[in-house]
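This report concerns only the one structure given below.
Counting starts at 1 for both ligands and their atoms, following the listed order. Scope of the values below: all heavy atoms of this structure, side chains included, with no hydrogens, waters or symmetry mates.
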Amino acid sequence: MTTRSALELARASYRDIALYAVDRTPCAIDLSDNTNLWGVPPAAARAVHEAASATLTRYPALYAADLKGALAAYAGVDRAEIVTGCGSDDVLDSALRAFAEPGERVAHPNPSFAMVPIFARMNGLEAVGVPLTASYDFDADAFIATGARIIYLCAPNNPTGTLASRAAIERVIERAPGVVILDEAYAEFMGDGFLAAAPSCGNLLVTRTLSKAFGLAGLRIGYATGHRDLVAEVEKSRGPYKVNAIAERAATAALREDMDWVRARIAEARTNRDRLRDALIAAGLAPLPSAANFVLVPVPNAGAVARRMREAGVAVRPFEALPAIGDALRITVGPWPLLERALRALEDARRCA
Ligand SMILES: *Cc1c(COP(=O)(O)O)cnc(C)c1O
């Protein structure tokens, strides 16, 4: 018997895909992942503590029927127009697999959500980045010109925080040859999106998550709305039992009982976001406009600055050489005392940069 290296046994197209690994060493103040820093919705916390042992020994619902009911009421669609998943990451990954054959293209804004080109490659697809316009809008014609089978859009966009125009998004939906996936992970911070309209568009899948505005990232719950035939294909591709039983109970409780809590945190996040932008401008920086719960601010040597801030107990997410933006830091919005600490740490880190 000959021994072969483990790498030789791996799928060739996977070999040069790096494991997603951002710095997640604990930090006193963590403003790096855009989660809700105000805590847990109370009914969700109660549901987790009260979960009976039968919840652990038995399989969860096949396709999260209770959760779909609560999400349908929240989204204003029929429950047959919802698909759930283990985070919206799972929904995105499953949708790429459902709507494109290996070798076909997925177009995405550049910069945008880093997982999308990774999921594309893991599904044998070619990812094609399309630059944002000078006003951070989507260039609808450039997206169509890629000939991509799937067009992924993100509004508000991560990591820029910017919001594309409704007109550009609608133009892509009207002219796309295949499915359009609109990632609205941060839509709660901007107001209205396409969540309720998606089922009547036919070719549009709108993804959302409970990880950001709802403060439930640890539960891993994401979902999408779309035409019932479209979401049924995603459900098939994703498979059964992907939302665990405790997560389903807690998320359903939050959607049914905690909306006032969630809305109050969203309002606070928006106020603090604008205040954080003003403070960054006052410090001589030029943060991008934001419709999300984070602010992207161009800063030279972002990697070194973020490292120094981390040493001072504040984690933010550095980006290097973003197209048309350059080095930048993405700062999650939270309670104001945390942002004050972050502003001080940023000032100190820049001074010795
Ligand atoms: C955080 C994020 C997600 C992933 O959310 P999960 O539901 O936690 O998997 C998806 N898209 C964007 C743009 C995000 O920033």
Side-chain angles (χ1 to χ4, degrees), residues 20 22 24 30-37 40-41 44 64 67 71 74-75 82-97 106-120 122 127 129 132 136 138 150-164 169 180-190 193-195 205-225 234 238 242-244 247-248 250-251 254-255 262 266 269 273 288 290-296 316-317 319 322 328 330-334:
Y20 181 76
V22 292
R24 294 210 61 213
D30 191 342
L31 309 179
S32 72
D33 61 10
N34 302 340
T35 48
N36 185 326
L37 296 166
V40 189
L67 175 60
L71 286 169
Y74 172 70
I82 299 239
V83 56
T84 60
C86 178
S88 54
D89 278 5
D90 187 26
V91 178
L92 292 169
D93 179 36
S94 305
L96 295 187
R97 198 157 49 245
V106 180
H108 61 86
N110 188 19
S112 191
F113 186 41
M115 291 309 294
V116 169
I118 298 173
F119 289 143
M122 293 201 301
L132 299 173
Y136 306 108
F138 297 140
I150 297 176
I151 296 176
Y152 166 90
L153 303 174
C154 187
N157 189 40
N158 180 10
T160 56
T162 53
L163 183 60
I169 295 170
V180 176
I181 300 173
L182 177 60
D183 186 336
E184 290 191 341
Y186 301 98
E188 276 86 2
F189 301 102
M190 82 185 173
F194 287 77
L195 189 67
L205 195 72
V206 171
T207 62
R208 295 256 184 134
T209 179
L210 299 195
S211 298
K212 308 287 162 61
F214 282 80
L216 296 171
L219 294 183
R220 308 302 298 126
I221 300 230
Y223 63 100
T225 60
V234 180
R238 190 220 51 216
K242 290 298 169 69
V243 174
N244 76 69
E248 178 173 16
L255 286 157
V262 172
I266 291 168
R273 168 188 76 203
L288 273 62
S290 172
N293 68 335
F294 58 87
V295 172
L296 187 76
V316 297
R317 182 71 56 83
F319 291 87
L322 290 173
R330 192 190 65 193
I331 306 172
T332 303
V333 167

*Short question: side chain of R330, backbone of S32 - any donor-acceptor pair under 3.5 Å?*
yes
*Atoms in ligand 1 with a heavy atom of K212 nearer than 4.0 Å*: 1 (C), 2 (C), 3 (C), 14 (C), 15 (O)
*Measure the shortest side-chain to side-chain distance between T332 and T35 over non-hydrogen atoms and say whether it is less than 4.5 angstrom.*
no
*asked:* Considering A155, S88, G87 one by one, which has a heavy atom nearer to atom 5 (O) of ligand 1 than any of the others?
replied: S88
*Which residue supplies the protein heavy atom nearest to atom 15 (O) of ligand 1, what is that atom called, and how far is it?*
Y186 OH, 2.6 Å
*Should you measure from each heavy atom of S211, which atoms of ligand 1 turn up under 4.0 Å away?*
6 (P), 7 (O), 8 (O)
_Looking at N34, is its backbone amide N or carbonyl O close enough to the side chain of N293 to form a donor-acceptor pair, meaning the two atoms are under 3.5 Å apart?_
yes
_Give the atom numbers and elements of ligand 1 that come within less than 4.0 Å of a heavy atom of R220._
6 (P), 8 (O), 9 (O)
_Evaluate Y152 for polar contact with ligand 1, using N/O atom pairs at a separation under 3.5 Å._
no
*At what distance, to the nearest 0.5 angstrom, does OG1 of T209 lie from CG of D89?*
8.0 Å
*So, does R273 use its side chain to make a donor-acceptor pair with the main chain of A292 at under 3.5 Å?*
yes
*Look only at the side chain of T225 and the backbone of L195, and say whether a donor-acceptor pair between them is shorter than 3.5 Å.*
yes
*N34 near ligand 1 by a heavy-atom separation under 4.0 Å*: no
*Does V206 offer a backbone N or O that forms a donor-acceptor pair with the side chain of E184 under 3.5 Å?*
no
*Does ligand 1 have any atom sitting under 4.0 Å from a heavy atom of C154?*
yes
*asked:* Show the atoms of ligand 1 that are less than 4.0 angstrom away from any heavy atom in N158.
replied: 13 (C), 14 (C), 15 (O)
_Contact with ligand 1 for M115, non-hydrogen, under 4.0 angstrom_ = no
*Under 4.0 Å from ligand 1, counting heavy atoms only, is it the side chain of D89, its backbone, both or neither?*
both
*Do D183 and Y152 have side-chain N/O donor and acceptor atoms under 3.5 Å apart?*
yes
_Among all the protein's non-hydrogen atoms, which is closest to atom 11 (N) of ligand 1, and how far away is it?_
D183 OD2, 2.6 Å
